[in-house]
Enquirer: 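Handing you this structure, nothing more for now.
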Amino acid sequence: GIKSVTSCINNASIIAKSTGSMSKVYSSGIVAEGICVKITLCANNGNITVDAKCGAYAAGICAYYGQAALKKSYNSAKVTASNGTFEVGAIAGGLVASIVNNATIEDSYNTGDVSADGADKSTAGGICAESMLFNKYYRCYNVGAVTLIRGGNAGSLIATANTNDEYSSNYVIDSETPIIAKNSKTGAATVRTPDQMKSADNFEGFDFDTV
C-alpha cells in the first residue's frame, strides 16, 4: 500500500453521507484512512462534511491516522461531522479526527472552523479530535472555532487526549473552549489573543527561517 503522501493540495468540497449501520465513514481532504502513511507538505482548502448514522469521522487532512508522522501541513476549511442516530458519536478534527497510536503531528496548523453533532458522544478538536495512545504534538497551532452542536468533548487543540501524549510549542487562539477537554496536561499549548497570533515573535519554538 501507499507509505507516503507528499505535496498534495485539495481545493474541492467533499460530502460523505451514509444511512448504513454497520461501518464507520471516514472522509478528509487528503487521506481518509492513513495508518503507517507519512504525510508531508499537504493542504486542504475544501469544506469536509460527513453525515453518517454508523459513525462520522471528518478531518481536514486525515480522518483516521496512526503510526506515522504528519508534518508541515494545514487545513483552512470547515470540517463538520454529524451522526443521525447518535448511537456512535460524530468526530471532527481540523487536521485529524482520530489518531490510534504512535503518531506525530508537527509544524502544522488549522484555521478552519470545526464542529461535531452526535449528541453527548460528539468529539471536536482544532488539531485532533481523539488521541488514543502515545502520540506527539509539536509546533502546531489552531485559530479555528471548535464547537459542539449538542454535547460531548471539544478542545481547541485536542478534544480527548491520552495521559501519555507529548506536547511542545503548541498554540491556540483565546476562546472559551478548553485546550484539551479530557485528560488535559499542563503546557500542552499556550493561549494567544487574535492580535498575538499575527506576530511571529509570539510563537516561541517555531523556526520561521527554514520551516
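Residue indices begin at 1 and follow the sequence shown. What you see below is based on every heavy atom in this structure, not just the backbone, and it leaves out hydrogens, waters and symmetry mates.
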Enquirer: Can you tell me if K185 has over 12 outside heavy atoms packed within less than 6.0 Å of its NZ?
Expert: yes
Enquirer: Side chains of I173 and S156: closer than 4.5 Å at any heavy-atom pair?
Expert: no
Enquirer: Give a yes or no answer on whether the side chain of S184 reaches the backbone of K182 with a donor-acceptor pair at less than 3.5 Å.
Expert: no
Enquirer: Would you confirm whether D51, through its side chain, and K17, through its main-chain N or O, come within 3.5 Å as a donor-acceptor pair?
Expert: no
Enquirer: With clusters defined by side-chain heavy atoms of hydrophobic residues (ILVMFWY) lying less than 4.5 Å apart, directly or transitively, does V79 cluster with Y65?
Expert: no
Enquirer: Could you list the residues that satisfy side chain to side chain contact (heavy atoms under 4.5 Å, CB included) with N47, not counting sequence neighbours?
Expert: S13, A77, K78
Enquirer: Any side-chain heavy atom of V37 sitting closer than 4.5 Å to one from S4?
Expert: no
Enquirer: Less than 4.5 Å apart, any side-chain heavy atom of M197 and any of F203?
Expert: yes
Enquirer: When you compare the side chains of S131 and N162, does any donor N or O come within less than 3.5 Å of an acceptor on the partner?
Expert: no
Enquirer: Is there a side-chain contact between L148 and D117 in this structure, where contact means two heavy atoms from C-beta onward sitting under 4.5 Å apart?
Expert: no
Enquirer: Pair I30, V5 - check side-chain contact (heavy atoms from CB on, under 4.5 Å), show working.
Expert: CA-CA 8 Å; I30 302 300; V5 177; 3.9 Å; yes
Enquirer: Look at the side chain of N170 and the backbone N and O of R139, then say whether any donor-acceptor pair between them is shorter than 3.5 Å.
Expert: yes
Enquirer: Can you tell if the side chain of N164 reaches within under 4.5 Å of the side chain of L133, non-hydrogen atoms only?
Expert: yes
Enquirer: Report yes or no: does N202 contribute a side-chain atom to a donor-acceptor pair with the main-chain N or O of Q196 at less than 3.5 Å?
Expert: yes
Enquirer: Determine all donor-acceptor pairs shorter than 3.5 Å in which one atom belongs to a side chain in residues 95-105; sequence neighbours excluded.
Expert:
{"from": "S98", "atom 1": "OG", "to": "E130", "atom 2": "OE2", "distance (Å)": "2.7"}
{"from": "N101", "atom 1": "OD1", "to": "Q67", "atom 2": "NE2", "distance (Å)": "3.4"}

Enquirer: Does any N or O in the side chain of T80 come within less than 3.5 Å of the main-chain N or O of S115, such that one atom is a donor and the other an acceptor?
Expert: no
Enquirer: Considering only Ile, Leu, Val, Met, Phe, Trp and Tyr, and joining two whenever side-chain heavy atoms are under 4.5 Å apart, list the other residues clustered with L41.
Expert: none
Enquirer: Any donor-acceptor pair under 3.5 Å linking the side-chain atoms of E166 with those of Y138?
Expert: yes
Enquirer: Take the angle between the ring planes of Y137 and Y167 and call it parallel below 30°, perpendicular above 60°, tilted in between.
Expert: parallel
Enquirer: Within a strict 4.5 Å, meaning less than it, do heavy atoms of the V191 and I179 side chains meet?
Expert: yes
Enquirer: Under the side-chain contact (heavy atoms from CB on, under 4.5 Å) criterion, do N110 and Y74 qualify, and how do the steps go?
Expert: CA-CA 6 Å; N110 174 64; Y74 72 84; over 6 Å; no
Enquirer: For K72 and V211, what are the C-alpha separation, side-chain angles and deciding distance, and is it a side-chain contact (heavy atoms from CB on, under 4.5 Å)?
Expert: CA-CA 8 Å; K72 301 178 182 178; V211 177; 4.0 Å; yes
Enquirer: What do you reckon, are the aromatic ring centroids of Y109 and Y171 less than 6.0 Å apart?
Expert: no
Enquirer: Evaluate the side-chain proximity of I14 to T49: yes if any heavy-atom separation is below 4.5 Å, no if none is.
Expert: no
Enquirer: Run the side-chain contact (heavy atoms from CB on, under 4.5 Å) test on K24 and Y57 for me, step by step, so that the C-alpha distance in whole Å, both residues' side-chain angles and the decisive distance to 0.1 Å come before the verdict.
Expert: CA-CA 8 Å; K24 299 173 183 178; Y57 290 71; 3.3 Å; yes
Enquirer: Side chain of T177, backbone of S175: donor and acceptor closer than 3.5 Å?
Expert: no
Enquirer: Any salt bridge between D174 and R192, counting N to O under 4.0 Å?
Expert: no
